[in-house]
2 protein chains.
Amino acid sequence: MAARGRPRTFDPDTALRQALELFWERGYEGTSLKDLADAMGIASASIYACFGSKEELFRKVMALYGATSGEPPRRALREQPTARAAIHAMLRATADEITRPGAPHYCMLILAAPTGAVENHAIREFLAGLRHDQFTAIGDRLARGVADGDLAAPSAGLDAVARYYTTVVQGLSVQARDGATRAELEEIITCAMAAWGALTSAPSHI
Amino acid sequence: MAARGRPRTFDPDTALRQALELFWERGYEGTSLKDLADAMGIASASIYACFGSKEELFRKVMALYGATSGEPPRRALREQPTARAAIHAMLRATADEITRPGAPHYCMLILAAPTGAVENHAIREFLAGLRHDQFTAIGDRLARGVADGDLAAPSAGLDAVARYYTTVVQGLSVQARDGATRAELEEIITCAMAAWGALTSAPSHI
DNA sequence: TCCTTTATTTATCGAACGACAAACAAGCCG
DNA sequence: CGGCTTGTTTGTCGTTCGATAAATAAAGGA
């Protein structure tokens with residue numbers, strides 16, 4: 001418990017946030033250890049001592065990212081009363097996050113490392129796993145809607161609808177990256193939600 | 001006209017196709033000149049002599065990519081008789097291309113270089129421009145539908161609908177990258193087209 | 001034939017890459 | 001204090017990066 005040895009001269013949480021900023025700006029392979037060390041204000045050897053390696057640092061960065069930027073969409077899915085409202089609010093929360101002033105306009109899960117050198121295959125798998133979690137969360141929320149009675153089992157299949165809205169989330173990220181405004185994302189979301197009525201047969205009293 | 005000097009010992013078109021394969025597998029930054037030279041069967045100096053630089057080679061690769069993989073979706077937009085059929089066929093042609101056996105399952109315009117090092121900004125801008133062309137082509141096709149009388153001007157706005165279907169195309173690429181099958185992409189497309197009726201008010205006799 | 005032109009080979013450039021070893025510094029504990 | 005533990009600094013490891021200069025090779029034209 002007691003602090004043995006020489007104390008750290010930097011705050012790991014602060015350094016992690018600075019690493020997040022840089023990885024977010026440039027993606028995984030586009031960010032070098034020298035860039036990171038400069039931005040974090042420490043030597044690269046301290047990165048290894050504190051965080052393990054570039055890859056482990058990135059994984060910790062993504063944990064922070066998920067706990068911050070990922071929370072509003074997750075909360076929307078969790079707290080909205082109906083499946084339809086949850087999906088709609090999740091899309092809007094996503095749009096908020098990927099057009100936030102002062103941060104890069106895209107979702108790191110989707111665009112931080114979609115392709116790259118062979119030796120970074122593990123990172124791509126890691127991100128693909130997180131994307132699969134997104135899909136699962138959406139599918140689970142739809143299933144809850146069925147259980148709650150606010151959503152009739154869609155004729156298209158729950159998985160198909162979940163995959164569709166996952167696709168919209170992922171497409172939104174590319175749109176934001178290409179400079180789409182929050183208002184333009186809202187229009188896209190309106191279009192995407194226009195499919196809801198045809199996809200589902202929600203009881204009319206909801 | 002006459003072939004002056006020592007003739008080339010390799011076929012630039014073949015070499016370009018081999019470069020396309022490698023860039024497609026690994027993205028722009030993930031592919032090194034050594035990788036390219038090995039795959040193309042020539043020395044890196046010959047790449048510079050024939051193609052200029054890594055960046056110029058990539059631009060030529062993308063021209064080839066657009067002329068081959070890009071053609072079926074473009075043809076769908078061009079040749080289908082109504083806007084609705086054109087959008088639907090374009091989405092299905094896209095799905096065909098990004099699940100083609102023997103090729104990576106994603107669209108290079110979207111995922112070959114969405115993020116990266118600062119010095120490769122020009123490449124990202126280049127790809128962003130090609131993505132904008134996609135959006136424009138979709139918007140133009142919708143406008144033609146209005147002119148042809150098979151599509152009433154959508155209340156949501158033509159641009160919004162065009163941006164929506166562009167978003168779906170881009171999301172499909174991430175889905176394919178994550179292992180979605182052609183059948184699963186078809187389900188997504190069905191969901192995306194389910195919005196059409198609500199977005200537009202096509203004359204019922206079409 | 002020899003000159004010009006173009007292509008290929010070979011070798012290498014300086015810089016940056018991720019990663020780490022060794023030496024030094026700063027705290028607690030006995 | 002003197003040892004122990006931990007963090008930081010410094011320097012450098014071997015590799016790879018994109019890019020090119022110089023030397024060699026193979027064709028046509030005079």
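In what follows, every chain begins at residue 1, and chains take the letters A, B, ... in the order their sequences are listed.
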Between [N] atom [atom2] and [X] atom [atom1], what is the distance in whole Å?
X	N	atom1	atom2	answer
I47(B)	dT9(C)	CD1	C1'	14 Å
L36(A)	dA16(C)	CG	P	16 Å
D11(A)	dG7(D)	CG	P	14 Å
E56(A)	dC20(C)	CD	P	10 Å
E119(A)	dC17(D)	CD	P	8 Å
R4(B)	dA26(D)	CZ	P	18 Å
R6(A)	dT6(D)	CZ	P	14 Å
R26(B)	dT16(D)	CZ	P	13 Å

- prompt: Would K60(B) count as a cation-pi partner of Y65(B), with NZ or CZ less than 6.0 Å from the six-membered ring centre and within 45° of the ring normal?
  reply: no

**Request:** Taking the side chain as every heavy atom from C-beta outward, state whether R84(A) and L151(A) have any atom pair closer than 4.5 Å.
**Result:** no

Between G27(A) and Y106(A) the two heavy atoms that sit nearest each other are N-OH, 4.0 Å

Closest of dT5(D), dG27(C), dA19(D) to the P7(A) side chain is dG27(C)

Among the nucleotides dG18(C), dG28(D), dC17(D), whichever has the atom closest to the side chain of K54(A) is dG18(C)

**Sugar-phosphate only, base, or nothing, as touched by T9(B) at under 4.0 Å among non-hydrogen atoms** = sugar-phosphate

Determine: side-chain N/O of [X] to OP1/OP2 of [N], distance under 4.0 Å, yes or no.
X	N	value
Y48(A)	dA19(C)	yes
R8(B)	dA7(C)	yes
S46(A)	dT8(D)	yes

In this structure, CD of E125(B) is separated from CD1 of I123(B) (nearest 0.5 Å) by 11.0 Å

Margin query: When you measure from the side chain of W24(B) to the backbone of C107(B), do you find a donor-acceptor pair of N or O atoms at a distance under 3.5 Å?
Written below: no

Note: for T31(A) and A45(A) on DNA chain C, the residue whose nearest nucleotide lies more 5' is T31(A)

DNA chain D nearest-nucleotide lookup for S32(B) and G5(B): closer to the 5′ end is S32(B)

